[in-house]
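Side chains are part of it too, since the values below use all heavy atoms of this structure and drop only hydrogens, waters and symmetry mates. Given the structure is predicted, the values throughout are model-derived calculations rather than measurements.
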Amino acid sequence: MADASRASEREYWRNHMLKLGPDIARSAHGVIHRTGVLDELKDCKVPMLILAGEQDHAYEVPLSHNIAQTVADSQMFVIPKAGHSVALEQPKIVNEYISDFISEHS
């Protein structure tokens, strides 16, 4: 979202996040300290699409590779010029991957 042409979108989301109030800290703490589920994913019986943001520092690409290696029927793609919010940062690319994945598994 560092693209200068998306400044108004970035400002919208900044303002939105600021309005969430102090409860967001409690929610973030819960996410940060939750138990991982990677071991449970080895039993996944459905196809899984994994999209990782190339610039994601919250959940880095190697962690997504771990998921892809754990789930037998998975496909993983790294989305360029995207961080943790791939669907917001690169919606067209994300929608194409989702559409293709659904078509392949329908």
Side-chain angles (χ1 to χ4, degrees):
M1 301 239 351
D3 183 350
S5 69
R6 298 180 74 183
S8 64
E9 184 178 359
R10 191 170 46 254
E11 186 64 17
Y12 167 83
W13 284 109
R14 180 183 176 282
N15 289 331
H16 176 76
M17 296 300 285
L18 288 172
K19 291 177 188 173
L20 293 176
D23 288 339
I24 194 68
R26 185 172 44 248
S27 298
H29 183 272
V31 169
I32 292 167
H33 297 284
R34 69 180 174 217
T35 304
V37 297
L38 189 60
D39 289 338
E40 295 174 36
L41 291 177
K42 68 180 180 283
D43 298 324
C44 184
K45 304 289 187 222
V46 297
M48 184 179 294
L49 174 64
I50 303 157
L51 302 176
E54 172 186 52
Q55 301 166 352
D56 189 345
H57 299 290
Y59 198 89
E60 295 179 343
V61 172
L63 297 172
S64 295
H65 279 295
N66 289 343
I67 295 171
Q69 292 171 348
T70 300
V71 177
D73 189 7
S74 66
Q75 294 178 24
M76 181 184 156
F77 300 96
V78 177
I79 309 298
K81 299 179 184 176
H84 191 65
S85 302
V86 292
L88 293 174
E89 298 175 57
Q90 295 292 351
K92 183 177 180 184
I93 295 170
V94 168
N95 287 337
E96 288 174 8
Y97 278 122
I98 292 171
S99 179
D100 291 348
F101 185 81
I102 290 171
S103 293
E104 290 174 20
H105 295 89
S106 296

Is a donor on one side and an acceptor on the other found under 3.5 Å between the side chain of Ser99 and the backbone of Asn95?
->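 Between the backbone of Asn95 and the side chain of Ser99 there is no qualifying donor-acceptor contact (under 3.5 Å).
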Look at the side chain of Gln90 and the backbone N and O of Lys81, then say whether any donor-acceptor pair between them is shorter than 3.5 Å.
->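 Pair found, side chain donor or acceptor close to backbone of Lys81.
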Between [atom1] of [X] and [atom2] of [Y], what distance do you get to the nearest 0.5 Å?
X      : Y      : atom1 : atom2 : answer
Glu96  : Ile79  : CD    : CD1   : 9.5 Å
Met48  : Phe101 : CE    : CZ    : 8.5 Å
Glu104 : Ile102 : CD    : CD1   : 10.5 Å

Polar contact flag, side-chain donor to acceptor under 3.5 angstrom, Glu89-Gln55 = no
Cluster question for you: counting only ILVMFWY and a side-chain heavy-atom cut-off of under 4.5 Å, with indirect links fine, are Val86 and Ile93 together?
-> yes
Going by the side chain to side chain contact (heavy atoms under 4.5 Å, CB included) test, name the single residue among Glu11, Arg10, His16 that passes it with Arg14.
-> Glu11
Answer whether the closest heavy-atom distance between the side chains of Ile50 and Phe77 falls below 4.5 Å.
-> no
Under a 4.5 Å cut-off applied to non-hydrogen side-chain atoms, are Pro47 and Leu49 in contact?
-> no
What is the minimum heavy-atom distance between Val78 and Met76, and which atoms define it?
-> CG2-CE, 3.8 Å
Identify the two heavy atoms, one from Arg26 and one from Asp23, that lie closest to each other, and give their separation to 0.1 Å.
->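 Smallest heavy-atom distance, with atoms named: NH2-OD1, 2.7 Å.
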Please list every donor-acceptor pair under 3.5 Å in which a side-chain atom of residues 58-74 meets a protein atom from a residue at least two apart or in another chain.
unit_1	atom_1	unit_2	atom_2	d
Thr70	OG1	Asn66	O	2.7
Ser74	OG	Ala68	O	3.0
Ser74	OG	Val71	O	3.1

